[in-house]
Amino acid sequence: MSENFGFSDAEQSDGRMLTYLEAIAEAIAQEMERDPDVMVLGEDVGGSFGGAFKVTKGLAERFGDDRVLNTPIAELGFTGMANGMALMGLRPIVEMQFADFISTAFDSIVQFASTAHYRWGGKVPWVIRAPSDGGIRSGPFHSQNPEAWFVHTPGLKVVAPSTPADAKGLLTAAIRDDNPVIFFEAKPLYRSIRSHVPEGEHVVAIGEAATVRDGEDVTIITYGSMVHVATQAADTVPDVSVRILDLRTLKPLDSEAVLEAAKATGKVIVLHAANRNTGFGAEVAALIAEEAFEFLDGPIIRIGGADTPVPFSPPLEDAYRPSLATVADAIKTLAAY
Amino acid sequence: MSENFGFSDAEQSDGRMLTYLEAIAEAIAQEMERDPDVMVLGEDVGGSFGGAFKVTKGLAERFGDDRVLNTPIAELGFTGMANGMALMGLRPIVEMQFADFISTAFDSIVQFASTAHYRWGGKVPWVIRAPSDGGIRSGPFHSQNPEAWFVHTPGLKVVAPSTPADAKGLLTAAIRDDNPVIFFEAKPLYRSIRSHVPEGEHVVAIGEAATVRDGEDVTIITYGSMVHVATQAADTVPDVSVRILDLRTLKPLDSEAVLEAAKATGKVIVLHAANRNTGFGAEVAALIAEEAFEFLDGPIIRIGGADTPVPFSPPLEDAYRPSLATVADAIKTLAAY
Amino acid sequence: MEPLTTERRIEAYAWMSLTRTFDDAMVAMWKQGRGLGGAFSQRGHEAISVAAGMALGPDDVVAPMHRDLGTYLVRGMTPERIFGNLLGRATGPTRGRDANLHGIGDLDLGIIGFISHIPQALPTTLGVAMAFKLRHERRVALTTVGDGGFTSGGTHETLNMASLYRAPFVLIVEDNKYAYSTPLEQQMRSARFAEKAAAYDIASAKVDGNDFDAMYAAVSVGVDRAREGGGPTVIEADTMRMLGHAIHDGAEYVPEEMLAAWKRRDPVAAMRNRLLDEGAITDEELDVIDQTAHGKIQAAIATAEAAPLPDPSTLHDGVYA
Amino acid sequence: MEPLTTERRIEAYAWMSLTRTFDDAMVAMWKQGRGLGGAFSQRGHEAISVAAGMALGPDDVVAPMHRDLGTYLVRGMTPERIFGNLLGRATGPTRGRDANLHGIGDLDLGIIGFISHIPQALPTTLGVAMAFKLRHERRVALTTVGDGGFTSGGTHETLNMASLYRAPFVLIVEDNKYAYSTPLEQQMRSARFAEKAAAYDIASAKVDGNDFDAMYAAVSVGVDRAREGGGPTVIEADTMRMLGHAIHDGAEYVPEEMLAAWKRRDPVAAMRNRLLDEGAITDEELDVIDQTAHGKIQAAIATAEAAPLPDPSTLHDGVYA
Ligand SMILES: Cc1ncc(C[n+]2csc(CCOP(=O)(O)OP(=O)(O)O)c2C)c(N)n1
Ligand SMILES: Cc1ncc(C[n+]2csc(CCOP(=O)(O)OP(=O)(O)O)c2C)c(N)n1
Ligand SMILES: [Mg+2]
Ligand SMILES: [Mg+2]
């Protein structure tokens with residue numbers, strides 16, 4: 001992959017280190033243990049196989065085939081089925097084999113699930129797990145970051161953790177949430193980062209951003225895999241004091257944290273791996289341009305994927321994807337502004 | 001409907017006045033006359049019926065059932081069929097009965113049509129006509145403005161005319177374009193506005209915004225039905241000199257015109273009927289906040305639909321939808337800033 | 001299956017009469033401009049919708065479509081509430097949020113609110129059925145689809161999964177010959193829905209959808225099968241959409257003779273005459289039933305028209321649970 | 001239908017040998033870490049993909065899937081170009097934009113580039129067929145779908161429209177018993193694809209997908225029917241996916257006996273032995289064919305590996321036509 005995600009944090013001293021993928025698997029297992037209404041469904045999630053990324057491996061043996069349900073290739077249908085299950089009080093965790101295939105289930109998400117409670121009070125407490133993001137040479141249909149479609153749609157919640165601990169804590173919160181939550185997992189982080197994850201129950205509230213590091217000169221607002229790119233880029237510019245805000249939840253957005261971070265430095269970079277054009281970063285930048293205008297000391301720089309499909313070949317994908325160098329340059333530009 | 005679209009322009013003196021709907025119908029008929037590869041397909045478009053809004057009425061009699069093809073209820077399938085037809089050089093004009101049902105065809109648009117040329121050079125010269133927008137008490141599933149989903153998707157073109165003349169000229173350009181173009185028709189304008197439309201061939205280039213009126217104090221950047229709300233709102237604040245830019249094409253965006261308009265007044269309102277959160281207005285605001293920052297004399301105010309489904313009942317829909325009063329207040333606020 | 005006593009059949013007539021009366025009143029109101037937005041007449045579907053409502057048990061769940069007014073009524077959704085929805089009142093089940101019969105769900109009545117997008121009711125209802133199955137509850141989920149909706153991809157995905165999982169799921173195909181302006185022969189080459197069901201290994205029956213007794217029997221067989229763990233059923237109901245797609249649609253595309261022929265098979269009149277022929281009830285008693293229906297509907301309209309519109313300040317209420 | 005002369009059948013063997021040799025070489029490279037991204041082995045599908053390629057006429061159009069390598073080769077997509085795509089080279093048909101066999105379309109060869117999203121190839125191919133029909137061209141469009149893809153909604157929409165419009169459309173269902181890790185019995189209760197086709201009034205045939213002669217005959221019948229205006233055909237090809245879903249997949253979920261049984265039905269070996277038994281060709285001649293294939297593939301790999309990667313400055317090229 002194009003970036004090095006050898007992420008390390010202070011907590012690494014602690015004994016209990018899990019990968020991002022292990023943290024997700026742990027959250028699912030613990031919630032299934034706790035609540036018999038929690039179940040998993042999707043393509044290849046069941047049996048001894050446990051899904052394309054093996055996130056659900058072992059669950060079928062442990063909780064039975066009824067609660068770890070293999071589906072045919074029918075995203076629209078099985079997500080619609082999850083809508084009905086959720087209306088009856090089950091809490092299905094729907095696995096999209098890749099986030100790229102979430103578009104196949106679109107109506108069941110953006111038309112039914114997102115509107116049922118607003119229209120007639122029907123609760124749809126499911127979670128869709130969407131393995132997203134690229135940098136790992138998977139081509140246009142296994143590398144997408146479609147979060148903007150869903151943030152734009154009223155009635156959904158959208159979460160995108162960047163660390164194993166947040167992955168466990170936010171997935172737990174998403175499963176317990178009474179609304180449809182789309183949980184974007186950053187594939188490139190699955191096995192590339194390992195850090196401390198609290199044992200037992202661990203809940204991270206949906207809707208709260210986290211300050212990854214404090215700083216006075218420039219603020220980077222980001223989420224998912226790009227949090228690590230931001231941190232590494234900041235490290236390459238030691239003479240600039242960089243503040244990094246990890247949004248963690250995209251909807252509902254922690255606007256207070258965003259505005260506070262923007263005001264703190266007056267200089268802001270908004271960064272994500274998704275296509276930049278009308279991406280979620282545009283919302284963040286527009287929010288700041290409207291509500292923190294008087295505090296701005298420089299242009300709001302947006303960095304995101306190019307306005308092309310995600311190409312497969314390394315030189316093209318690296319050019320497509322926000323790089324450490326691009327972010328470092330933006331930091332310098334703003335610092336010098 | 002909640003706004004009065006009694007739009008009138010100077011050209012009204014001229015003899016040839018068409019409604020927005022008539023202008024669209026004329027463009028289709030003229031292009032079918034000109035080019036045998038141009039055809040229409042969709043639900044109920046054929047026979048003597050001519051579609052839910054009667055836009056294609058008379059075409060079947062004139063051009064035959066083969067070129068005005070009734071389809072079953074299968075948006076994914078018939079849009080996918082249009083992909084194949086277009087690859088063979090036909091120029092299908094696909095009618096979505098309502099823009100709200102475009103989500104049902106999602107994969108055929110955002111995965112196949114948008115990427116075919118980038119990936120392997122396959123040209124997909126179709127147009128999807130999407131009757132969008134609300135204000136006419138049609139409820140959550142017949143009032144949507146989903147343009148942001150498609151602007152965010154690489155490889156598509158997105159057009160949204162506000163006048164009969166532009167509707168004819170842009171649709172003609174869209175039909176002749178070698179790329180997939182999504183043509184958003186503002187339903188509330190269909191029969192509510194009537195203005196001059198050039199007879200015979202009339203092409204308005206895709207990608208060019210239009211200055212509706214010049215002004216020094218505040219710029220409103222908008223498109224579709226909201227152009228008329230902007231004009232009327234500006235009229236209610238005669239003491240403020242308001243510049244109005246009608247984007248007409250959302251993708252590819254006329255960034256030059258946007259930046260020029262923003263710089264001209266230093267105060268900007270971005271307005272659309274679609275849900276504001278991560279809507280296309282966010283892209284426009286973010287572009288300005290990055291590229292015209294030094295010219296800004298005030299916060300960029302974004303006005304859009306609420307972050308709820310489009311409600312049906314008049315008091316709720318009026319509260320949901322950007323109103324003349326909201327826009328007028330924003331003009332005053334910025335003028336006084 | 002609950003035996004179809006004479007009392008039950010008279011009750012059925014009463015529901016069909018109430019449904020027809022509601023429909024007539026609604027159509028009249030909208031023609032007079034007293035309506036709001038669009039409205040779908042279900043005229044001709046009374047036997048299907050009432051049979052579906054009556055054949056289900058109290059704990060079963062149903063997701064009716066835009067022409068299943070009778071099902072809503074039988075399940076206990078009052079005419080007041082439905083007219084409240086039609087008129088965008090705060091008292092409707094969607095509190096002015098959704099239009100016509102869209103979204104008028106109420107889980108306390110075992111009703112799922114539907115959305116326009118075809119065929120979303122199908123996978124949703126399958127999910128309800130699966131919840132019953134996974135919890136080992138002896139409950140059934142039923143929904144309906146039109147001839148038009150049958151051609152939509154989600155219908156195929158739902159039928160395949162319903163069969164695969166042997167879900168307690170019943171689907172009524174309302175073959176009313178048109179999808180908006182599009183006749184059956186422009187939708188599909190084979191309209192043999194029962195045979196289509198067989199290709200999924202799903203049990204099926206073809207029924208005269210204008211014959212209440214036949215519909216009730218067929219739906220009951222499917223419901224019982226589902227309840228006993230026998231898996232899904234598809235019921236092909238042969239019927240006709242008598243008043244066009246929606247209120248604004250003159251349906252000039254429907255041949256006169258066709259309508260005339262179907263008029264002779266009117267489901268409400270048929271039920272009425274059958275009960276009379278059997279001597280199960282007198283003309284006078286039937287008139288009382290019709291007058292009662294008329295009174296209920298007039299009262300419902302008055303109540304709904306007098307009800308308040310929603311307060312704009314509630315716009316954002318309920319976006320999230 | 002072009003008669004299946006001995007020459008044509010020997011030619012067919014050569015294509016099957018080339019396909020198998022390509023596959024073996026690709027698998028070996030990826031196992032050695034000389035690959036890029038993922039790769040799908042088509043081992044076991046040679047008879048189907050080569051028959052599809054050979055039964056089509058030069059002006060026909062095909063949209064092959066991820067296991068139809070033989071079809072690409074027969075249509076004239078060279079091993080050099082395909083390996084170029086697999087290795088992300090500027091010389092591949094997607095110029096490094098798409099992965100493995102995805103998107104390797106070339107309209108000059110009558111090949112549509114496919115996308116991952118199942119079952120997009122179906123409606124697209126129907127559209128190609130409709131273009132031929134509307135222009136009154138005697139051309140045919142063919143595509144393939146897996147047992148897994150058959151359960152997807154777009155497949156139903158496509159089959160219904162193909163039947164409705166009597167499109168010159170041929171669909172081969174590659175029933176290879178698995179969709180990734182999911183066996184047929186967890187995908188659908190009835191896997192009788194020919195019967196499913198009948199429910200759409202579509203002609204169908206069930207064929208041993210590992211028997212080239214049978215596949216060629218069946219596809220030819222469908223292609224001829226389409227060309228003569230007889231409408232669509234569905235061909236159910238009974239076969240097996242021999243090497244798992246993709247290179248990273250050990251396919252431990254596939255029973256050993258099942259693989260062993262299918263190994264005895266290897267389509268390439270079967271064709272080879274049949275030609276030998278008939279005395280149509282000698283062992284030596286067959287070895288020459290295999291060696292030629294081996295040489296071509298090695299040369300193709302060398303060429304592809306030596307080819308340049310795309311220039312990053314071309315990132316935005318071709319987003320729009
Ligand atoms: C996906 C989708 N496309 C289009 C529509 C618009 N539409 C509403 S009802 C209808 C016709 C439905 O026909 P049918 O299923 O036969 O039901 P009927 O109206 O005849 O009862 C159409 C096309 C829709 N609701 N959903
Ligand atoms: C809509 C969609 N969902 C999921 C996938 C991921 N996927 C790729 S191939 C595959 C299995 C396909 O099985 P089948 O159709 O039987 O073809 P086979 O691989 O067996 O040849 C899956 C699930 C996809 N490509 N598209
Ligand atoms: Mg119908
Ligand atoms: Mg398969």
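This structure is a prediction, so every number in the text was calculated from the model and none was measured. When reading the values below, keep in mind they use all heavy atoms of this one structure, side chains included, and skip hydrogens, waters and symmetry mates. In the text below, chain A, chain B and the rest are named by the order of the sequence lines, each starting its count at 1.
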request  = Measure the CG-CD distance between B/Asn70 and C/Glu185 for me, rounded to the nearest 0.5 Å.
outcome  = 10.5 Å
Between CD on residue B/Glu75 and OG on residue C/Ser152, distance to nearest 0.5 Å = 7.0 Å
Which atom names give the shortest non-hydrogen contact between [X] and [Y], and what distance separates them?
X: C/Ala99; Y: B/Gly139; value: CB-CA, 4.3 Å
X: B/Pro315; Y: C/Pro312; value: O-CB, 3.8 Å
X: B/Asp100; Y: C/His117; value: O-NE2, 2.7 Å

Which region of [X], side chain (C-beta onward) or backbone (N, CA, C, O), has a non-hydrogen atom less than 4.5 Å from a non-hydrogen atom of chain B, or is it both or neither?
X: C/His245; answer: neither
X: C/Tyr180; answer: both
X: C/Leu86; answer: backbone
X: C/Asp147; answer: neither

task = Please report the C-alpha distance between B/Ser48 and C/Glu252 in whole Å, then the side-chain angles of each, then the deciding distance to 0.1 Å, and finally whether the side-chain contact (heavy atoms from CB on, under 4.5 Å) criterion is met.
result = CA-CA 9 Å; B/Ser48 58; C/Glu252 298 77 6; over 6 Å; no
Where on [X] is there a heavy atom nearer than 4.5 Å to chain C: the side chain, the backbone, both, or neither?
X: B/Phe49; answer: side chain
X: B/Asp307; answer: backbone
X: B/Leu76; answer: neither
X: B/Thr308; answer: both
X: B/Gln97; answer: side chain

Heavy-atom check, side chain of [X] versus side chain of [Y], under 4.5 Å:
X: C/Gln187; Y: B/Ile73; value: no
X: C/Leu315; Y: B/Pro311; value: yes
X: B/Pro314; Y: C/Leu36; value: yes
X: C/Asn100; Y: B/Phe312; value: no
X: C/Ser116; Y: B/His142; value: yes

inquiry  = Closer than 3.5 angstrom, by distance alone: can the side chain of B/Asp44 be matched with the main-chain N or O of C/Thr182 as a donor-acceptor pair?
reply    = yes
task = Among the options C/Asn85, C/Thr151, C/Leu309, C/Val319, pick out the one with the most heavy-atom pairs lying under 4.5 Å from chain B.
result = C/Thr151
query = If you draw a 6.0 Å radius around CD in C/Glu256, do more than 12 non-hydrogen atoms from other residues or ligands fall strictly inside?
reply = no
key: Which of B/Pro72, B/Gly46, B/Gly47 touches chain C most, by non-hydrogen pairs under 4.5 Å   = B/Pro72
